[in-house]
K.L.:
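First the structure, then my questions, so here it is.
Atom set for the values below is all heavy atoms of this structure, side chains included, hydrogens, waters and symmetry mates excluded. Along the sequence shown, residues carry numbers from 1.
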Amino acid sequence: MNPILYIVVPCYNEEAVLPETARRLREKLEQLMGRGAISPASRVLFVNDGSKDRTWPLICQLHAQSHLMCGIDLTRNRGHQNALLAGLMTAKDRADAVISMDADLQDDINAVDAMVDKFREGVDIVYGVRSSRKRDSFFKRTTAEGFYRLMNLMGAETVFNHADYRLMSRRALEGLSQFREVNLFLRGIVPMIGYRTDTVEYERGERFAGQSKYPLGKMLSFAVEGITSLSVKPLRMITGLGFLIFLVSLGMIFYNLVRWMGGNTVTGWASLSCSLWLLGGLILLSLGVIGEYVGKLYLESKARPRFLIREIVGDEQPPKD
Ligand code: UDP
Ligand code: MG
């Protein structure tokens with residue numbers, strides 16, 4: 001039997017792109033159904049992430065025009081990762097495979113065919129990987145690539161140049177549902193699931209309308225989020241740094257003793273004040289990093305729900321089992 005495919009699209013203030021995105025995704029689904037690659041029960045699932053514009057009424061309208069379009073409405077804005085998770089967890093019970101992509105069509109939807117083919121060959125997770133970033137602005141490209149390098153350096157293993165454009169099988173999603181973290185960074189968690197994985201290359205286009213919802217500030221906090229929720233490497237680096245400085249200070253003590261024995265006691269307040277500042281800075285930095293982790297523990301211990309759904313449209317298909 002042909003697999004049921006769900007395409008999950010998180011949307012935050014995307015009224016400018018939605019009609020076109022819906023049109024192209026619908027075409028893609030129909031084309032895939034036409035060549036018998038997916039079941040006619042396949043759907044596109046839009047997740048409205050507490051948009052302030054007309055995104056939700058638009059999604060309802062799209063559903064009224066075509067039964068292939070469904071939507072879920074979150075109770076408020078929860079951020080890209082949580083919106084995506086809401087979509088994936090809703091789709092998991094209804095589909096055999098789920099593809100996630102952004103609403104702005106920056107990810108080439110023609111890569112969907114290759115993803116579905118790989119899934120049919122038995123691959124559980126197919127990562128969409130950007131072959132080049134030619135069309136991103138210089139600034140976006142360097143900051144984004146720096147982001148991946150920093151992440152990997154800090155011990156958060158991610159797939160290079162892969163954003164959240166990927167296909168996951170139902171059992172991979174079942175695996176994902178067992179990761180209960182509130183500080184969610186899907187790109188880092190998905191590789192931990194395992195199973196057979198593969199990649200599909202595609203070219204990343206420009207956002208064809210509307211503004212990026214990821215300005216530099218948000219991207220930086222996303223990077224800190226990702227690193228601190230995935231790895232304890234920064235804590236280890238602090239330990240290493242502390243040890244190194246301790247060694248240096250041992251050397252200093254030895255040096256000072258030798259000078260003192262030589263009767264050479266120069267009052268070196270410059271070096272003293274410098275080291276004071278240096279140590280003060282390092283201590284504050286270290287406290288800050290530890291604070292990040294303590295903050296994470298605090299949030300995890302609360303185990304708040306990661307998303308709440310207000311309404312689902314187009315759910316005439318009851319969940320499979
Ligand atoms: N998005 C979301 N909630 C948010 C911010 C963004 O659901 O709080 C969605 C947005 O609608 C889009 C995707 O996340 O579908 C990626 O955002 P965007 O394209 O603005 O990011 P960029 O491609 O510039 O990194
Ligand atoms: Mg985008």
Side-chain angles (χ1 to χ4, degrees), residues 4-15 17-19 21-22 25-26 29 41-104 163-187 189-190 193 213-214 218 222 225 229 299-300 302-321:
I4 300 179
L5 175 74
Y6 264 57
I7 300 182
V8 169
V9 185
C11 308
Y12 177 59
N13 295 344
E14 298 286 12
E15 61 178 7
V17 300
L18 259 186
T21 304
L25 285 177
R26 186 173 157 187
L29 276 191
S42 302
R43 296 284 181 270
V44 176
L45 181 66
F46 293 105
V47 183
N48 176 37
D49 186 18
S51 301
K52 293 180 186 66
D53 64 359
R54 288 188 27 82
T55 298
W56 180 245
L58 254 174
I59 292 172
C60 294
Q61 197 186 324
L62 288 167
H63 170 64
Q65 285 163 4
S66 164
H67 68 286
L68 293 181
M69 307 281 131
C70 310
I72 49 185
D73 189 23
L74 300 189
T75 51
R76 50 162 296 193
N77 181 253
R78 295 292 288 126
H80 179 203
Q81 299 289 295
N82 287 308
L84 195 54
L85 185 75
L88 293 178
M89 290 303 114
T90 309
K92 152 176 95 67
D93 305 325
R94 297 161 172 84
D96 300 305
V98 180
I99 292 180
S100 51
M101 68 166 76
D102 290 352
D104 55 11
D164 285 306
Y165 187 23
R166 73 177 87 80
L167 178 145
M168 292 176 77
S169 68
R170 190 170 194 221
R171 62 176 182 172
L173 287 169
E174 291 290 352
L176 178 66
S177 71
Q178 289 177 37
F179 287 75
R180 304 226 161 265
E181 43 221 284
V182 173
N183 298 286
L184 196 62
F185 191 76
L186 288 171
R187 272 170 239 188
I189 299 174
V190 173
I193 297 172
K213 273 81 194 169
Y214 266 109
K218 246 192 187 176
F222 192 46
E225 225 17 72
S229 68
L299 286 176
E300 295 293 348
K302 284 187 184 301
R304 290 175 179 149
R306 294 172 289 185
F307 56 83
L308 294 170
I309 295 174
R310 190 202 310 264
E311 190 184 349
I312 303 188
V313 297
D315 199 31
E316 57 286 325
Q317 269 182 70
K320 301 170 91 189
D321 67 52

K.L.:
Tell me, which pairs form a salt bridge (Lys or Arg N to Asp or Glu O under 4.0 Å) where one or both residues lie in residues 66-81, sequence neighbours left out?
P.N.:
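Non-adjacent pairs meeting salt bridge (Lys or Arg N to Asp or Glu O under 4.0 Å): D73-R310.
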K.L.:
Can you check side-chain contact (heavy atoms from CB on, under 4.5 Å) on Y6 and T90, steps first, answer last?
P.N.:
CA-CA 10 Å; Y6 264 57; T90 309; over 6 Å; no
K.L.:
Roughly how far, to the nearest 0.5 Å, is CD1 of I193 from CD1 of I189?
P.N.:
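Spacing of CD1 (I189) from CD1 (I193) equals 8.0 Å.
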K.L.:
Taking all heavy atoms of R170 and all of K92, pick out the closest pair and write down the distance.
P.N.:
NE-O, 3.0 Å
K.L.:
Quick test of your reading: applying ring pair (Phe, Tyr, Trp, His ring centres under 6.0 Å), list the pairs with at least one residue in residues 75-100, sequence neighbours left out, ordered by first then second residue.
P.N.:
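For residues 75-100, and leaving out neighbouring residues, the ring pair (Phe, Tyr, Trp, His ring centres under 6.0 Å) pairs sorted by first residue read H80-Y214.
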K.L.:
Can you tell me how far apart CG (L74) and CG (N82) are? Round to the nearest 0.5 Å.
P.N.:
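Answer rounded to 0.5 Å: 8.5 Å.
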K.L.:
Just do the side-chain contact (heavy atoms from CB on, under 4.5 Å) check on D164 and V190 with the steps written out, would you?
P.N.:
CA-CA 10 Å; D164 285 306; V190 173; over 6 Å; no
K.L.:
Minimum heavy-atom separation for R306 to E181, with atom names?
P.N.:
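Shortest heavy-atom contact: NH1-O, 3.0 Å.
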K.L.:
Hey, does M101 have a side-chain heavy atom less than 4.5 Å from the side chain of L25?
P.N.:
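Side-chain contact under 4.5 Å: yes.
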K.L.:
After noting the C-alpha distance and the side-chain angles of F46 and H63, does the key distance pass the side-chain contact (heavy atoms from CB on, under 4.5 Å) rule?
P.N.:
CA-CA 10 Å; F46 293 105; H63 170 64; over 6 Å; no
K.L.:
What pairs with D49 under salt bridge (charged side-chain N to carboxylate O under 4.0 Å, His left out), at least two apart in sequence or on another chain?
P.N.:
none
K.L.:
State the CD1-CG distance between I59 and L45, to the nearest 0.5 angstrom.
P.N.:
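So the CD1 of I59 and the CG of L45 are separated by 9.0 Å.
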K.L.:
Looking only at non-hydrogen atoms, find the nearest pair between Q81 and L184 and report the distance.
P.N.:
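That closest heavy-atom pairing would be O-CD2, 3.5 Å.
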K.L.:
Atom CG in L58, atom CD in E15: separation rounded to 0.5 Å?
P.N.:
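Spacing of CG (L58) from CD (E15) equals 7.0 Å.
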K.L.:
If you look at every heavy atom in I72 and A86, which pair is closest and at what distance?
P.N.:
CD1-O, 3.8 Å
K.L.:
Among residues at least two apart in sequence or on other chains, which ones pass salt bridge (charged side-chain N to carboxylate O under 4.0 Å, His left out) with R54?
P.N.:
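Testing R54 for salt bridge (charged side-chain N to carboxylate O under 4.0 Å, His left out), a comparison that skips the adjacent residues, returns none.
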K.L.:
So do V44 and T21 actually touch side chain to side chain, heavy atoms under 4.5 Å?
P.N.:
no
K.L.:
With side-chain contact (heavy atoms from CB on, under 4.5 Å) as the test, would you mind laying out the steps for I4 and R43 before giving the verdict?
P.N.:
CA-CA 8 Å; I4 300 179; R43 296 284 181 270; over 6 Å; no
K.L.:
Considering residues at least two apart in sequence or located in another chain, which fulfil the side chain to side chain contact (heavy atoms under 4.5 Å, CB included) criterion with A103?
P.N.:
V9, C11, E14, V17
K.L.:
Which pairs count as salt bridge (Lys or Arg N to Asp or Glu O under 4.0 Å) when at least one residue sits in residues 57-69, sequence neighbours excluded?
P.N.:
none
K.L.:
Quick one: pull up OG in S177 and CG in L85 and give me the separation to the nearest 0.5 Å.
P.N.:
9.0 Å
K.L.:
How far does CE of M89 sit from CG of L84, to the nearest 0.5 angstrom?
P.N.:
9.0 Å
K.L.:
Please give me the minimum heavy-atom distance between N13 and S51, naming the atom from each residue.
P.N.:
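That closest heavy-atom pairing would be N-OG, 2.9 Å.
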K.L.:
Y12 and K52: which non-hydrogen atoms are nearest, and at how many Å?
P.N.:
OH-NZ, 3.0 Å
K.L.:
Are F307 and V47 packed together at the side-chain level, in the sense that at least one heavy-atom pair is separated by less than 4.5 angstrom?
P.N.:
no
K.L.:
Check whether any side-chain heavy atom of M69 lies under 4.5 Å from a side-chain heavy atom of V313, and answer yes or no.
P.N.:
no
